[in-house]
Each structure stands twice: as structure tokens, then as C-alpha cells.
Amino acid sequence: MTYTPAATERRWQDAWERARVFAAVRDDRPKYYVLEMFPYPSGRIHMGHVRNYTMGDVIARYKSACGFSVLHPMGWDAFGMPAENAAMERGGHPKDWTYGNIADMRAQMKPLGLSIDWSREFATCDPEYYGQQQAMFLDMLAAGLVYRKAAVVNWDPVDMTVLANEQVIDGRGWRSGAVVERRELTQWFFRISDYSAELLAALDGLRHWPEKVRIMQANWIGKSRGLQFAFETVGAPGGFDRLEVYTTRPDTLLGASFAAISPDHPLAKALEAQDPAVAAFVAECRRGGTSAEAIETAEKKGYDTGISVRHPFDAAWQLPVYIANFILMDYGTGAIFGCPAHDQRDFDFAIKYGLPIPPVFVPEGADEAPLSEAYVPMKSERVRYLRGFAGETVQTGDAAVTAAIAFCEDKGVGRGVTNYRLRDWGLSRQRYWGCPIPVVHCADCGVVPERKENLPVRLPDDVTFDKPGNPLDRHPTWRDVACPACGRPARRETDTMDTFVDSSWYYARFTAPHAATPTNADDAAYWMNVDQYIGGIEHAILHLLYSRFFARAMHKTGHLPAKAIEPFNALFTQGMVTHEIYMTRDGAGRAVYHLPEEIEAGRVKATGEAAEIIPSAKMSKSKKNVVDPVNIIQSFGADTARWFILSDSPPERDVEWTASGAEAAFRFLSRVWRLADEIAASTAPATDEDAVLDRATAKAIAEVTAGIEGFAFNKAIAKLYEFANMLGRSGAGAVARRRSMAIMAQLLSPMVPHLAEDIWAMLGGAGIVAQAAWPKADPALLVEDTVTLPIQINGKRRAEITVPKDLAVSEVEMRVLADDAVAKALGGAAPKKLVVVPGRIVNVVI
RNA sequence: GCCCGCGUGGUGGAACGGUAGACACAGGGGACUUAAAAUCCCCAGGCCGAAGGGCCGUGACGGUUCGAAUCCGUCCGCGGGCACCA
């Protein structure tokens, strides 16, 4: 008999399904909700999915064994651009492409043996789902959580269409190659910025989130304390006699050398209208993409408007006003004053335009000297003020800012304000394959919400993608409707929602996936919150922040209980799956990539050519360093794929897929299978090794449990290797070995559930492992009575002693000093110091 | 450009501030076999030494500590995010 997963895995999957083991039911057990970030239906599962869902499955199966009623659902983040791109490139309809991909991916996922309640599956492009999303949108609109305003988009002037940031490459449209412009459109926004303070403060309560994610979110929200004040202008057009600016460094006011406004500032627009030179400069600024990266890495440019402003402390002191391409209209007031001595960007600007650079402060103990770069110490650092006006001469930047705000408020120059970098969430997308925004534009009534009884507002099927732009815009029968308020001819909103909206509440919908309302109060009360959420670090900011906002908005509109405003109790961010890249070059020297299965011993199988091996990188189709999970499952079984992906790296780090590692995983699982087969048949009588084995088994239970609880699956697996090695060599009797092997099956079951069932069945275990209770270690068997203490001499390990576990420190000291190596090192002298850390280590300082 | 991580043998990694390298991969040696595969056993950070043992060693350089892979600072390299990729 041999281990043949291909034959047995399917059988166990059927057995689980027959027993409805994974159906989530509300009952009197405590509940546990495990959720992995749902996939985009690209059509193929990849190893990243296998890793993500296997981790969730380990937790789900473990918690189930621990007596929890587990909810572990799966769905599809099914709206988005790739479906439209496919329709443009290959013809067909985004809907057919998407649902076809979902069917394919589901078929690829099921053989993994995940403990998913498939009865709750949905796709965000199901009208049943997005109709409920539209209902919530209307509730949020009524609650004042949604509004319209102008915002900039990437505009492709050749294709006459809006581009996503990823479609803008080096400032040009990806298809047309035209230089992209920033253009304003009226768009819908969620008022997430109203929640800035709360979303920031509540981060402290997310104790089971990675620290780095909380830091990233806190920085993204970007709370700052500063001074907002108005300059009096000289020579500005009518209506612009004051210029409001915001600064986080009011202590540097006497180092100001210019003022700058955003190209989108109202003053810039006013100047643009009357001065062709300004218009040309502003148009220049609007070239290129809208992304912060594009704006911040672009060359810093300014245009001297000829206008000036009076310094608030000295009306005779005038500063020039520039329009500058790096000032963002969205942050603060869209206008700043520049202090080149203490801001590198302002410094570079001042050098470029020949502006003065007066230092405001110098390092404590230093004298004033010309600067070759901006001096930007931490605000917590003490510095000496040369041009201070509030507070001490020597003080920290923080103290100076506080003093400066107080001074200015007292003088009537502005007021201290708390600002946030977080902007409102623009949800309008000028695209077809998304959730339609359920409003109608009426010439008489304005923006009119669709009636709830008319939801869902369904996407029309009869659309084509032969032209750029949104087909909804050119679909007269869908677009032209009667106004829900007055009945006169009106136009449906043709923008659809950002796909982040879809993924901001799917976790709540899983608690009642087919309810006639967005959520069901009883189900949400029972299943919320997600106890463990698992996904990629790339979602650390946007998806998670939007979800946190959306849960609050859903609570405000009555769709979630108050306890669910932070929907994810614990978050785990997993690393990527990587693989080596194999490359050769063609006659023209261009890189040619090869799939791993085309390579043998570093050479291309077909040609025998030596391949250059590039170190591991994220699996990507373009580099062909991909391994198809379907092939791995066919060759080795799902358990091997699951085992290897968990075993080789800590879950939060990248894991490198290697063929030899996968083969080794298969060999190990085969070995365990054979061991179980041998033990099942054994009749060996009891021996005095039985007790040793029982102790090792108890230790394995404790260590594997700790590994799973601590999200250290690689360590849990290392302990299982040790346990299997130990059990394989043990001379214990058949009864003791069967006892240990049964526990092995249970400890293996979260990771390799099919093999665990095989073993359980071989040993004649009752029922199936998937329904067995998690084993508990007998505490008495875990206690060690002696401990080996390493002895360091001056911090280097030189000897060790074995002592009773609870030996008094004074007694340990005596035994240490009596040790040969220690006595020799001391040469009769007394040690300078003797450090005894009970149970751990001894350090003798000489 | 800005924010956040990460960096340990040939490789993936382990190590409450306390014996650096558990466990595994690749490799080497051996057993079994007519042979190979499979399986089993042993070795293995680097340098020196016959050995006992010694010295060096966690990206680099400093610092704190009886003791640093771990804490702090500076630098280098790699990765993630930057609001219309999902």
C-alpha cells in the first residue's frame, strides 16, 4: 500500500460535504468568523491564493475542532477593469468573461479541500449583491454621507476617456500614447474625512492588527496641528485681497521667503482667465497623471505671479506669490508660505528662483552659517532660535510650534487648526463594469435618487466595447429614463462605483448572503465581527480603511450593530509567493523567459541552452516564474501543496516555491502515511518507552497548538517533523504508538486534512477527524524536573550544568563556581559579577 | 519624492534581550540493491588544529547592556503603498 492522494482526497471532500461539516450554523456554541480577502476572478488560481486560503483553512479547521461554530465563506470581487479590457481585446461580454472565470476558479479551488461554506458564495457583480449596495448608497445619501463635487481625473485627449492611474505610463495614455491631462469632473464622494479623527483614534483599539498596518493608516490619515492665517495681498485681482495659508511650522514664519499656491487654487484660476502666460504655465502643470507619485517626482516648477503678500508681522515686508506645481489643492488651503531654510523642497525652490534663505534656528550650540541644504531636525529635538518670536530661545520644534500658535492667536493672526491629510473617497468611475450609481439627473428636479422598489438598477447587457469610453454613456434606452420624482424625461447617472465599495462590506453580506436587505440584524449580531481576517499587505491602507469607514456608515444607516464598526478583530497580512526566474536571450539580445517546467538542471529542456537564474521574485506571468496549483495538485495532491506552502517560511514573509521543496513535502507525507500503516498493523507489546513517547506526544500537542495560535505555521510544521521523526524511531508498544499516531492525525488535520482522515481511518478512529475535538496535552506530562543551564564567561558560552528545575539561585551560584571551566577561568579570584537568570542562563563576569 | 516593512549558513528559515543556525531543502559519505529509483543511517556556518579546543560570524558602521540577530542611531540593499490595479 502506498500514499495515493489523487485517489483519496476527492473521497474525503465528498465525505465532508455529505456530513455538511462546513455549513455555518447559528447555535449556542461560541462563533468564530474566519475570512480571507476574496479573490478577483482572473480565471486562474495562483499560489498566492493557495497560501492565503490554506492559512485561513488552518485557522477555520482548528477553531472548529476547538468547539467554535465557524463561518468560513468565499466569494468573488468580480467588478473591475480587467473584464472590460478583455472585452475590448478579445470581444465578448464582461459578464460572460467574469462568470466563466468564476466557474473555472471555483473548480480549481475545490480540490484544495478548503473548509468553506460554499452555500454562502456570491459575486459582487450579482445583481442581488449590487442591488443591496445601491440600497445602502441611497440610505447613505439620505444620511448625508455622500455628496457631489468636482475632482480631477486623468483625461486621455485622444481616446476622449478617463484613465486609471495604472493606465498612465510616464504621463501618457497606455493605448493612445497621448500626453494625459488633469481634467475636472463632477463626481460622487463619501464623507470619509468626517471620520478622520475617529478612524485615527480607533486604531489604538485594534490590538490584534499588525503594528505596521496601524502606523501606515495613521500616517495616511495624517493628523497635523498647525496655524491657518491669511496674508494680505498686494496687486491681486478683485475678491482676492486675502490669501489663506496653512502651515505646520508657524515657528518658522520669520524665515518665510515666498508664498505659493496650487495650480488649481481659485486665485490661479482667476489669473489664468486673464493672463495667457499664467494659462500656459497652469496648462503645463496639468499635464501628466493625477497620482501623488507623478506629482511629487515631477520637476518642481513655479511661476511668479507678480502678486505679493504682506508678512503678518510686518506690513512693509512683502513676499512674492508663485504658482507651484507641487502644491496640492486637496491639502490644507491649497496655499503655503515657503521657508527654504527648513524644508528641502522649499530650499530647492528658493535656489532655483533666487529667493533668500534666512535660517530660523540652528543646532543647539552652533552658530549661524550659510546652508547648503535645508536644516530639518526632528520636531522633538532642541534647537536655538535666531529668528524666533514665541517661547524660549532654545526649545524643541514642538514647543516652538505650540508657542507660535498661541502667540499668533493672541495677536489675531490666524488660528490653530487640526488638519487631516485624508481626503473624501471619490467613488465615481466612468466605466461600465461596476455597480451603477442609483440616481437620475432631471433638468427640473436635479439629482433624484432612484426609488428603492426599482432596485437593482441593472447593468444593461446589450453593450459593445469597440469604442473607448463608457458604453453606458452611449446607451440611449438605458440612459434615458423618466424622472422618479416628476416623471419627465431625465438621464440616468452613467458613472458606476469604485470597486472598493464592493469590497467594503462583503464581509457583512456573508453573514446573510441572500437576505432581502443588505444585512439581517440577527445574523449580523451573531456572526460579526470577523475574528480573523487574512490578506495581503498591499491592502494595508485603502481597502482596510474604506472598510472601517463603511462599517461605520452602515451602522449609521442601520445596517450593522454598533459592535461592528470595527469589522475586523484581528488582521494577518501574509507575504507573497515567489519563484526563481529563468531567462535566456534571443538573437537580438532580448530577454526570453521560461516556465519552471521547461527547465531541467539549469538548462532549457527543449534546446539544452543554459538559463540565467534570476533570484526569487513575485510570481508573475510576464516573467513566467509561475507554478500552477492545478498541476501541483494533480502531481502530488492538495495536501502536498498545502503542506509545502505553509512549511517553508513564516506566514507574514514571502515564501519561495521550489520544486524540490514540494517533492520533499510529498515524501514526508508519504512517510507519515507509511508510518501510520505500519503502526496500524503493529502488535508490539508495551515497553518502558511508552512513557517517553507519551511525554513527547504531550509536548507535540502543546507546541503545535502554540504554533497555530501564534500564526506560526512554519514552526508548527517543524514540530510535526520532530514528532514524526520521534514516533518513527520510538520503540514504544503498539498501543502507545497508535495513541500518538491518532494525535498526529489530529495535529496534522488543519494543514493536511485529507491525509489526516486517511490516518484516522487506518487507526480505526471514530467518525472523521474534521469533527473530532482538538487534543489537549496532559499538563503533568509537560513538566521537566531538570534544566540545563549554559554558563557564559564574559558573555561567551564556555560550559553548562544540569540542575534541578527549582534549585535556589544561591545553590546554582555555588555549583557554577565549582565548575571546572569556571574555576580555571577564575584562577582563584572572585568573579566581578555573577548573573543568574533562573532556568535560562548564567554569566560569570571576570 | 513621501510613508511602512524586511536583511541570519550554499538555500528557506529557528532563536521571552540569555547556548545563533531548531526543522527542512540542496550537497557529501554510508547501508540495502546485479544496478538504478525508493527507503534507512551519518556529516555539514567559516577559518585554524591530529584532537581536546580556539578564533570569527546574523547587510555595514557606531551605541546601550553582565549579555544584542533581537533595543537605539546613521548608512546600504530589497520589497509594499501613494487615493481610478485589485
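Chain naming here is simple, since letters A, B, ... match the order of the sequence lines and numbering starts at 1 in each. The figures that follow rest on heavy atoms only: side chains count, while hydrogens, waters and symmetry mates do not.
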Nearest to the side chain of A:A718 - B:C23, B:A86, B:C4? B:C23

Give one of base, sugar-phosphate or nothing for A:Q187, where a contact means two heavy atoms less than 4.0 Å apart. base

Provide the distance between the two C1' atoms, one in B:C56 and one in B:U74, to the nearest whole Å. 25 Å

Which of B:G12, B:A83, B:C85 is nearest the side chain of A:M81? It is B:C85

Taking the minimum atom-to-atom distance to the side chain of A:D648, which one of B:G12, B:A86, B:G18 wins? B:G12

Could you check A:Y129 against A:Y506 for ring pair (Phe, Tyr, Trp, His ring centres under 6.0 Å), going step by step and ending with a plain yes or no? CA-CA 9 Å; A:Y129 182 81; A:Y506 76 109; 8.1 Å; no

With a non-hydrogen cut-off below 4.0 angstrom, is A:H539 in contact with a base, only sugar-phosphate, or nothing? base

From the candidates B:C25, B:G1, B:A83, the one with an atom nearest any side-chain atom of A:A664 is B:C25

If you look at every strand shown and take non-hydrogen atoms under 4.0 Å, does A:F326 touch a base, only sugar-phosphate, or nothing? nothing

Considering every strand and a 4.0 Å limit on heavy-atom distances, what is the contact class for A:L422: base, sugar-phosphate, or nothing? base

Tell me if a side-chain donor or acceptor on A:N52 pairs with a main-chain N or O of A:G48 at a distance below 3.5 Å. no

Would you indicate which nucleotide in B:A86, B:A83, B:G18 comes nearest to any side-chain atom of A:S291? B:A83

Calculate the interatomic distance between A:L675 atom CG and B:C40 atom C1'; express it in whole Å. 13 Å

Within the structure shown, what part of the strands sits under 4.0 Å from A:W425 by heavy-atom distance: base, sugar-phosphate, or nothing? nothing

Listed range with range, the stems formed with RNA chain B by at least 3 consecutive Watson-Crick or G-U pairs (under 3.5 Å) are B:1-7 with B:76-82, B:10-12 with B:23-25, B:27-31 with B:39-43, B:45-48 with B:53-56, B:59-63 with B:71-75

Using only side-chain N and O atoms of A:N843, determine if any of them is under 4.0 Å from OP1 or OP2 of B:U19. no

Below the 4.0 Å mark, does B:G12 have OP1 or OP2 next to a side-chain nitrogen or oxygen of A:K715? no

Is the side chain of A:H539 donor-acceptor paired with the backbone N or O of A:G536 at a distance under 3.5 Å, no angle test? no

Please tell me which of the listed nucleotides, B:C56, B:A83, B:G1, lies nearest to the side chain of A:L542? B:A83

Look at all strands and tell whether A:G426 reaches a base, only sugar-phosphate, or nothing, counting heavy atoms closer than 4.0 Å. sugar-phosphate

OG/A:S547 to CG/A:L542 distance, rounded to the nearest 0.5 angstrom? 10.5 Å

Atom-to-atom span, CZ of A:R798 to P of B:G67 - whole angstrom: 15 Å

With a non-hydrogen cut-off below 4.0 angstrom, is A:D654 in contact with a base, only sugar-phosphate, or nothing? sugar-phosphate

Most 5' of A:K212 and A:P650 on RNA chain B, judged by nearest nucleotide: A:K212

One thing to verify: whether A:E722 and A:K699 come together as a salt bridge, which I'm taking to mean a side-chain N less than 4.0 angstrom from a carboxylate O. no

Taking B:G79 as the reference, what is the distance to B:U8 when you measure between their P atoms (whole Å, please)? 15 Å

Does A:R148 qualify as a cation-pi partner of A:W188, given the criterion of NZ or CZ under 6.0 Å from the six-membered ring centre and within 45 degrees of its axis? yes

A:L571 CG to B:C4 C1', in whole Å, measures 14 Å

Looking at A:R667, I'd like to know whether one of its side-chain N or O atoms comes within less than 4.0 Å of OP1 or OP2 on B:C40. no

Assuming nearest nucleotide by heavy-atom distance, tell me which of A:A164 and A:N714 is located more 5' along RNA chain B. A:N714

Residue A:A292, side-chain heavy atoms: nucleotide from B:C40, B:A86, B:C82 that is nearest: B:C82

Taking only the side-chain heavy atoms of A:E296 (C-beta and beyond), determine which of B:A83, B:C2, B:A14 contains the nearest atom. B:C2

For a quick test of reading the model: is some side-chain N or O of A:K833 closer than 4.0 Å to OP1 or OP2 of B:C66? yes

Based on the glycosidic angle (syn within 90° of 0, else anti), state the conformation of B:G30. anti

Are A:N165 and B:A83 close enough that a side-chain N or O sits under 4.0 Å from OP1 or OP2? yes

With a sphere of 6.0 Å drawn around NZ of A:K149, does it hold more than 12 non-hydrogen atoms of other residues, nucleotides or ligands? yes

Which part of the nucleic acid, if any, lies within reach of A:V845 when heavy atoms closer than 4.0 Å are counted: base, sugar-phosphate only, or nothing? sugar-phosphate

Considering only side-chain heavy atoms of A:S660, which listed nucleotide, B:G1, B:G13, B:A26, is closest? B:A26

When we call it a touch if two heavy atoms are under 4.0 Å apart, what does A:V153 touch: a base, just sugar-phosphate, or nothing? base

With a 4.0 Å cut-off on heavy atoms, is A:S428 in touch with a base, just the backbone sugar-phosphate, or nothing at all? base

At under 4.0 Å between heavy atoms, what does A:N725 touch on the DNA or RNA strands: base, sugar-phosphate, or nothing? sugar-phosphate

What is the nucleic acid contact for A:A540, judged by heavy atoms within less than 4.0 Å: base, sugar-phosphate only, or nothing? nothing

Is the charged tip of A:R182 near the ring of A:W155: under 6.0 Å from the six-membered ring centre and within 45° of its axis? no

Just to confirm, is there a sub-4.0 Å distance from OP1 or OP2 of B:G12 to any side-chain nitrogen or oxygen of A:S649? no

Rounded to whole Å, the CZ-P distance (A:R671 to B:C40) equals 6 Å

Can you tell whether the side chains of A:R421 and A:D330 come within less than 4.0 Å, N to carboxylate O? no

May I ask you to say what A:V162 touches in the nucleic acid, namely base, sugar-phosphate or nothing, with a heavy-atom cut-off under 4.0 Å? base

Nearest-Å distance for atom pair CH2/C1', residues A:W657 and B:A24: 14 Å

Run the side-chain contact (heavy atoms from CB on, under 4.5 Å) check on A:E538 and A:H543 step by step: do they pass? CA-CA 9 Å; A:E538 66 272 21; A:H543 162 61; over 6 Å; no

Can you check the distance between B:G21 and B:U58, where both ends of the measurement are the C1' atom (answer in whole Å)? 9 Å

Once you round it to whole Å, what is the distance between C1' of B:G81 and CG of A:L544? 12 Å

Using the rule given for side-chain contact (heavy atoms from CB on, under 4.5 Å), can you reason through A:I534 versus A:L35, listing the C-alpha separation, both sets of side-chain angles and the distance that settles it, and then say yes or no? CA-CA 6 Å; A:I534 307 170; A:L35 183 67; over 6 Å; no

Nearest-Å distance for atom pair NZ/P, residues A:K719 and B:A24: 11 Å

Within the distance-only criterion (no hydrogens, no angle test), does the side chain of A:D495 pair as donor or acceptor with the backbone N or O of A:S428 below 3.5 angstrom? no

Specify the separation, in whole Å, of atom CE of A:M619 and atom P of B:G79. 17 Å

The side chain of A:V835 is closest to which nucleotide in this list: B:G18, B:A86, B:U11? B:G18

Give A:Q430 one of three labels, base, sugar-phosphate or nothing, depending on what nucleic acid heavy atoms sit under 4.0 Å from its own. base

Is the distance from OP1 or OP2 of B:C41 to the nearest side-chain N or O of A:R729 less than 4.0 Å? yes

OP1 or OP2 of B:G7 under 4.0 Å from side-chain N/O of A:R653: yes

